Every structure is written in C-alpha cells, then in structure tokens.
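Structure, as structure tokens:
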Amino acid sequence: MNKTMIALFMSVAVLLGGCTKNTSASTKSPAPSPSALSAASPIPEATTQAESDTAKIQTVTDPDSITVLVNKHFALPGDYKPIDMVFPDVPFLFKEKIEKRELRQEAAHALEGLFSAANKDGVKLAGVSAYRSFATQKVLFAHYAEQSGTANATTYSAAPGTSEHETGLAIDISGSDGKCAAQDCFSDTNRT
C-alpha cells in the first residue's frame with residue numbers, strides 16, 4: 001500500500017471520526033413516534049419502513065464533538081451551525097469561496113495533509129463538496145426525492161439534519177480532472 005493510500009485512510013478516519021463514537025441522547029428516553037413528529041421533521045415519511053426509521057431517530061447532544069455520529073438514526077439539532085469553519089488550502093473543482101468549500105479547522109488540517117501526501121505520490125486530488133447547511137441539504141434532498149421518489153432518495157442521500165456534511169467534518173473528493181466525482185468509479189481510475 002503506497003503512502004497516499006495510507007494517508008487517505010488516516011485522513012478519512014479523522015474526517016469521518018463520527019463512526020467511532022455515539023454522542024446521541026441517552027437511549028433510555030423514548031424515541032418520538034411518527035405521529036409525534038411535526039410535518040417539518042427532517043426525516044421523510046414515505047413508507048412503513050421510513051416511518052419505522054423516523055421513530056428511531058435521536059438528536060445528538062454534542063454536535064460540536066469531532067467524533068459526533070450523524071446518520072439517519074442520529075440527527076443534528078435543527079439550528080446547528082458548526083464552529084471554527086475555515087476554507088482548507090486545497091484545490092476544488094470550482095473556484096468560488098462558498099459554503100461547500102468550508103470545513104471545520106481540524107478536518108481542514110487533515111485534508112491538507114492528505115492532499116499533500118497524495119501530491120508527493122503524484123496523485124492530484126480536488127475537493128467536490130464539503131460543508132452543507134441544513135437549508136442546502138433540505139433543497140438537495142428534495143431535488144433527489146422529486147427525481148426518484150422519497151423512498152429511493154433515502155438510499156443514496158441524507159435527509160436534512162442527518163448528513164455528515166452538515167457537521168463540517170466531511171468532504172467528497174475526486175481526482176483533479178473531476179471524473180467520477182461523488183461516484184464509486186473513482187477507485188477504478190489511475191487518480192493522476
């Protein structure tokens with residue numbers, strides 16, 4: 001395994017540290033029933049399974065933790081805004097300094113290390129999409145739900161409040177040519 005792949009795995013562990021610790025509310029409190037949730041709930045209610053998933057959602061109690069777990073079962077508070085956001089010093093597929101270029105400082109630093117190690121190995125990377133606000137995730141998810149139906153959209157997109165991108169700790173990356181951006185074909189490219 002070359003240095004770039006080792007750096008990639010190490011940086012992903014930092015960027016996605018939420019996979020290691022659950023900072024959600026205690027599981028002793030009862031989860032709200034689907035009928036107790038408002039129509040503005042971040043989790044869509046498309047099918048019986050979706051209703052079952054909605055009943056299991058918990059709000060994380062420490063959203064600023066580097067190891068916060070956010071997914072369809074553990075949501076951020078509706079008004080959450082990440083702390084210590086910066087623009088990482090790495091190339092992106094676009095030039096504008098906009099929201100989706102931002103990361104929390106610790107994640108940005110890890111990403112810069114990853115890109116530096118990759119560059120030393122001749123692998124040219126680019127950022128695709130980092131931070132997304134609740135509002136942005138809501139628009140994105142609604143677009144996917146309109147395209148392929150809510151039940152199908154939940155298989156490849158996160159409902160607002162449940163995306164790791166909303167933590168400021170996650171980023172999608174690509175080769176600098178932009179091919180296979182946010183697609184699983186990236187592993188089959190020569191990444192140069």
Side-chain angles (χ1 to χ4, degrees), residues 11-25 27 31-32 34 36-83 85 88 92-94 98-104 106-108 110-111 127-174 180-187:
S11 294
V12 168
V14 171
L15 291 172
L16 299 177
C19 295
T20 63
K21 181 179 176 186
N22 176 355
T23 58
S24 67
T27 56
L37 297 173
S38 72
S41 172
I43 305 300
E45 297 182 31
T47 65
T48 304
Q49 182 61 45
E51 289 175 6
S52 174
D53 289 345
T54 302
K56 297 175 189 173
I57 194 145
Q58 298 179 50
T59 301
V60 296
T61 57
D62 188 8
D64 290 323
S65 171
I66 290 296
T67 60
V68 66
L69 174 62
V70 176
N71 61 27
K72 66 182 177 179
H73 302 291
F74 300 100
L76 292 166
D79 61 348
Y80 177 69
K81 302 267 189 219
I83 58 174
M85 297 292 280
F92 276 75
L93 295 179
F94 54 91
I98 55 178
E99 165 186 286
K100 70 178 188 173
R101 197 177 184 130
E102 292 181 285
L103 283 172
R104 287 190 50 197
E106 187 166 343
L111 181 70
V128 177
S129 180
Y131 173 66
R132 289 185 209 130
S133 66
F134 181 93
T136 298
Q137 189 66 30
K138 184 176 182 177
V139 169
L140 182 65
F141 185 81
H143 170 74
Y144 290 141
E146 185 177 310
Q147 278 188 327
S148 62
T150 302
N152 194 38
T154 61
T155 66
Y156 61 87
S157 181
T162 66
S163 171
E164 66 276 7
H165 286 274
E166 293 173 71
T167 68
L169 297 170
I171 183 170
D172 299 328
I173 61 172
S174 166
C180 295
Q183 299 176 24
D184 58 8
C185 60
F186 183 62
S187 65

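What you see is a predicted model; the values in this text were computed from it and never measured.
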Minimum heavy-atom separation for K100 to F92, with atom names? O-CE2, 3.9 Å
If you round to the nearest 0.5 Å, how far is CG of N71 from CG of L69? 4.5 Å
So, for P63 and L76, which heavy atoms are closest and what is the spacing to 0.1 Å? CB-CD2, 3.7 Å
Tell me the closest heavy-atom pair linking F141 and S157, and the distance in Å. CD1-OG, 3.6 Å
Between E106 and I66, the two heavy atoms sitting closest are OE1-CG1, 3.4 Å
Please name all residues satisfying ring pair (Phe, Tyr, Trp, His ring centres under 6.0 Å) with Y144, sequence neighbours left out, ordered by chain then number. Y156
Show every salt bridge (Lys or Arg N to Asp or Glu O under 4.0 Å) that has at least one partner inside residues 130-141, sequence neighbours left out. R132-D172
Looking only at heavy atoms, which two atoms of L169 and V68 are closest? And how far apart? CD1-CG1, 4.3 Å
Min side-chain heavy-atom separation V128-I173 under 4.5 Å: no
dist R104:CZ -> M85:CE (nearest 0.5 Å) comes out at 8.5 Å
Test your reading of the model: is there a side-chain donor-acceptor pair from H73 to the backbone of I57, 3.5 Å cut-off? no
Minimum heavy-atom separation for A107 to G168, with atom names? CB-O, 4.0 Å
Any donor-acceptor N/O pair, T154 side chain to A151 backbone, under 3.5 Å: yes
Sub-4.5 Å side-chain heavy-atom contact between E166 and F134: yes
For Y131, ring pair (Phe, Tyr, Trp, His ring centres under 6.0 Å) partners two or more places apart: none
Side chain S65, main chain D62, donor-acceptor under 3.5 Å: no
Under the side-chain hydrogen bond (donor to acceptor under 3.5 Å, both in side chains) test, which residues partner S133, sequence neighbours left out? E99, T136
Under the rule for side-chain hydrogen bond (donor to acceptor under 3.5 Å, both in side chains), what residues qualify as partners of E146, not counting sequence neighbours? none
Distance-only, no hydrogens or angles: does the T162 side chain make a donor-acceptor pair with backbone N or O of A159 under 3.5 Å? yes
